[in-house]
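So that the names make sense, note that chain A is the first sequence line, chain B the second, and so on, each numbered from 1. Just so you know, these numbers come straight off a predicted model, no measurement behind them.
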Amino acid sequence: MSVLLRSFSTAAATAVAVSTFSSPSSSSALSVAALLISCRSLRSLEQIHARIIRKGLEQHPVIATRFLSFCAAFSAPAYASSAFDRLSAPNLIVWNALLAAHARHSPLPTTVALFNLLRRRCSLPPDAFTFPSLLSSCSHSVALSLGSSVHATILRCGLEADVFVRTALIDFYGKCRELRAARSLFDEMPKRNVVTWNAMIDGYVKSGDLVTARQIFDKMPERNAVSYTSLIDGYAKAGDLASARVLFEQLPERDVFSWSAMISGYAQNGQPGAALKIFLEMYNQNIKPDEFVVVGLMSACSQLGSLTLAKWVDLYVTRSSIDLSKAHVLAASIDMNSKCGNMERAASLFESMPNKDLISYCSLMQGYSLHGAGDKAMGLFRQMLEEGLMPDSITFTVVLAACSRAGLVEEGRQCFDLMTNEHLIVPSPDHYACMVDLLGRAGRLTEAYELIRSMPVEPHAGAWGALLGACRIHGDISLGETIARKLFEIEPTNAGNYVLLSNIYAVADRWADVSELRTLMRGKGIRKVPGFTWI
DNA sequence: ATAGGGTTAG
């Protein structure tokens, strides 16, 4: 009965609207309106648009509104504007639909300009449908002062009590970390819905107050997937995967957002195995992944370094409907293939990029470096400079590490000079560690020692460790002892340093020293880490 | 016709 009534009233509303603009035929308007509802892509929207024009229905307010909201759905704000500009007398509803299309997909200034145009051109003042879009645009840009002036306008229009407007305001203040403003608006609200509560949770999560976010979550009368996922995401970002997991297990209906929150949460916290397990659970439930899930999966796979897995993931993504040309998916894929040793694939993905960026260059260079092709890494570095890209501090870390692994002493030195003299980058402890490693491996132990002692910043254990490793390779006992003594001070419990010195003694047949060192270790309660060998 | 959730990578 209610369905019948509703469809009747929709038809009636259409008829009224049609009569106000004198349509050629109300039945064609109805059929086009029905066609619009079933529209599934931008291409089919374009076809329907042609039909709208052909049938003379372009000025029909209901058709125009529906058309504009489909432009919003397919992220086509420019298309919405071009159609809107041909309307002779758009009413407030049509204006609101245009504003919504832009609020979701255009930069804030464009949306604000449109709002000002609406105020000047539309015969009616903005209503409760106007402000939520405008505010959401302010929220996404975290434009506190602009949004506050919108709030003032809302008060002048007497619209602050509207649930949609008020929820949008709460969301806005929450996103701007103005939790006190959000809270006063929230506490004095007579009727809230689940979106209102979720806006508060999101605000507290974003400002890092997980305790209050949890209190809101526990207090709310009904929850949906968004309530859970916001909190899961907050816990995951704070590294509390245990709490995230408990909520995830409690969530009755998981959507792709909740799955990706867990997968990327584990991946980002260095638990690639757990990330993979969650993904497999999702996969076995035949849930379609999206690009966020896939990026998390690839990140986990990079950390595991398994070529077999990387090949499977690659094939899986190729067969899915995920757009591999999207920048972050591509970056994750290049990184995964590089780290897992599929350099051909990494290189071909890299070549497919129209605009190669610093990060993709670095991913590929690191891959070559890791797999013993330092010369290829250096070739890429030269190509990068020729392309006019500006290397940053991390780029040089990758490049210097590549030189060090490949024993390219001269190139490494040149790069260090290039970094400091031309790019004016202050060398970090990491850069020094690379240089010490580079010189040390090449047997220039004295030079390396001089470098480490002349560092203007405090060298970290990695630099000393690299030098101690070099002393072992080149059998320098006296320097080795000096460096080891330094390292025992900096990191007294790292067994690796004791093992290295012990190996130096062993190679020189100084077994008494080996034995003494072992006693020293036992005395300090240090146990050797599996994987290190005593000769 | 309107408000809510997610990867800054090397």
Side-chain angles (χ1 to χ4, degrees), chain A residues 61-62 64-70 72 91-101 103-104 126-140 159 162-172 174-175 192-203 205-206 224-234 236-237 255-265 267-268 290-299 302 326-336 338-339 357-367 369-370 391-399 401-402:
Chain A
V62 175
T65 303
R66 204 165 283 175
F67 173 80
L68 292 176
S69 60
F70 274 92
N91 64 24
L92 181 58
I93 299 176
V94 180
W95 270 105
N96 285 344
L98 177 70
L99 190 72
R104 277 160 63 177
D127 67 3
F129 283 83
T130 314
F131 291 104
S133 322
L134 183 59
L135 282 171
S136 109
S137 197
C138 296
S139 307
H140 287 297
L159 292 167
D162 178 87
V163 181
F164 274 76
V165 173
R166 202 166 178 118
T167 301
L169 276 171
I170 290 169
D171 179 62
F172 161 73
K175 292 242 175 20
R192 307 158 180 152
N193 62 26
V194 70
V195 182
T196 321
W197 286 88
N198 288 347
M200 289 301 292
I201 292 179
D202 178 66
V205 166
K206 289 247 156 63
N224 63 13
V226 179
S227 335
Y228 281 86
T229 307
S230 296
L231 205 48
I232 288 174
D233 217 58
K237 293 228 164 62
D255 59 15
V256 74
F257 287 85
S258 20
W259 287 98
S260 88
M262 284 311 294
I263 294 169
S264 50
Q268 276 162 29
D290 67 2
E291 52 189 277
F292 294 91
V293 170
V294 158
V295 168
L297 174 64
M298 287 175 166
S299 158
S302 299
K326 284 206 173 171
H328 50 278
V329 182
L330 202 52
S333 185
I334 292 174
D335 186 52
M336 174 187 75
S338 277
K339 291 230 172 82
D357 61 5
L358 210 57
I359 289 156
S360 48
Y361 263 108
C362 286
S363 291
L364 202 59
M365 285 196 293
Q366 198 181 40
S369 161
L370 241 45
D392 63 3
S393 175
I394 296 171
T395 311
F396 279 106
T397 309
V398 173
V399 170

- line: Testing B:dA1, B:dG5, B:dA3 for proximity to the side chain of A:Asp202, the answer is B:dG5

query: Under 4.0 angstrom, heavy atoms only, what part of the nucleic acid is A:Lys326 near: base, sugar-phosphate, or nothing?
result: nothing

task: For residues A:Phe131 and A:Pro126, determine if any side-chain heavy atom of one lies less than 4.5 Å from a side-chain heavy atom of the other.
output: yes

- prompt: Rounded to whole angstroms, how far apart are CZ on A:Phe292 and C1' on B:dG5?
  reply: 10 Å

- prompt: What does A:Asp171 touch in the nucleic acid at a heavy-atom separation under 4.0 angstrom: a base, only the sugar-phosphate, or nothing?
  reply: sugar-phosphate

- prompt: How long is the line joining CG of A:Asp162 and C1' of B:dA3, in whole Å?
  reply: 9 Å

field: Residue A:Lys206, side-chain heavy atoms: nucleotide from B:dA3, B:dT7, B:dG6 that is nearest
entry: B:dG6

field: Closest listed nucleotide, where the reference is the side chain of A:Val226 and the choices are B:dG5, B:dA3, B:dT8
entry: B:dG5

Proximity to the side chain of A:Phe257 - top-ranked nucleotide from B:dG10, B:dT7, B:dG5: B:dG5

- request: Return the nearest nucleotide to the side chain of A:His140; candidates are B:dA3, B:dT7, B:dG5.
  value: B:dG5

message: Among residues at least two apart in sequence or on other chains, which ones pass side-chain hydrogen bond (donor to acceptor under 3.5 Å, both in side chains) with A:Ser258?
response: A:Asp255

task: Report which part of the nucleic acid A:Ala128 touches: base, sugar-phosphate, or nothing (heavy-atom distance under 4.0 Å, all strands).
output: base

- request: Go through B:dA9, B:dG5, B:dT2 for me and flag the one nearest to the A:His328 side chain.
  value: B:dA9

- request: Name the nucleic acid region contacted by A:Val295, choosing base, sugar-phosphate or nothing; use a 4.0 angstrom heavy-atom cut-off, strictly under.
  value: base

- line: Side-chain atoms of A:Asp233 come closest, of B:dA1, B:dG6, B:dG5, to B:dG6

- request: Output the single nucleotide from B:dA1, B:dG5, B:dA3 whose closest atom is nearest the side chain of A:Asn193.
  value: B:dA3

message: Without decimals, in angstroms, what is the distance between A:Met336 CE and B:dG10 P?
response: 14 Å

- prompt: Under 4.0 angstrom, heavy atoms only, what part of the nucleic acid is A:Ala103 near: base, sugar-phosphate, or nothing?
  reply: nothing

- line: Taking B:dG6, B:dG5, B:dA1 as options, the one with an atom nearest any side-chain atom of A:Thr65 is B:dA1

query: Which part of the nucleic acid, if any, lies within reach of A:Ile201 when heavy atoms closer than 4.0 Å are counted: base, sugar-phosphate only, or nothing?
result: nothing

- line: Across all chains, not counting sequence neighbours, the side-chain hydrogen bond (donor to acceptor under 3.5 Å, both in side chains) partners of A:Lys339 are A:Asp335

query: Has A:Phe129 got its ring stacked on B:dA1, by the test of a centre gap below 5.5 Å and a plane angle below 30°?
result: yes

- request: May I ask you to verify whether the side chain of A:Thr395 and the base of B:dG10 hold a donor-acceptor pair under 3.5 Å?
  value: yes

- request: Tell me what A:Asp357 touches on the nucleic acid: a base, only sugar-phosphate, or nothing, going by heavy atoms under 4.0 Å.
  value: nothing

- prompt: B:dA1 P sits how many Å from A:Arg66 CZ, rounded?
  reply: 6 Å

- prompt: Nearest to the side chain of A:Val195, which nucleotide is it out of B:dG6, B:dG5, B:dA3?
  reply: B:dA3

- prompt: Is there side-chain contact between A:Leu358 and A:Asp392, with heavy atoms separated by less than 4.5 Å?
  reply: yes

task: With heavy atoms under 4.0 Å as the rule, sort A:Thr229 into base, sugar-phosphate or nothing.
output: base

query: For the pair made of CZ in A:Phe164 and C1' in B:dA1, what is the distance, rounded to whole Å?
result: 10 Å

task: Could you state the atom-to-atom distance from CG of A:Leu364 to P of B:dA9 in whole Å?
output: 18 Å

query: Has A:Gln268 got a side-chain N or O lying under 4.0 Å from the OP1 or OP2 atom of B:dT8?
result: yes

message: Applying a 4.0 Å non-hydrogen cut-off, can you work out what A:Ser264 is touching in the nucleic acid: base, sugar-phosphate, or nothing?
response: nothing

field: Inter-residue atom distance A:Lys206.NZ - A:Asp171.CG, 0.5 Å rounding
entry: 8.0 Å

- request: Over all heavy atoms of both residues, which pair between A:Ser137 and A:Ala103 is shortest? Give the atoms and the distance, please.
  value: OG-O, 3.8 Å

field: Under 3.5 Å side-chain donor-acceptor pair for A:Asp127 and A:Thr130
entry: yes

query: What is the distance from NZ of A:Lys175 to C1' of B:dG5, rounded to the nearest Å?
result: 8 Å

Rounded distance (Å) that lies between atom P of B:dA3 and atom CZ of A:Phe131: 14 Å

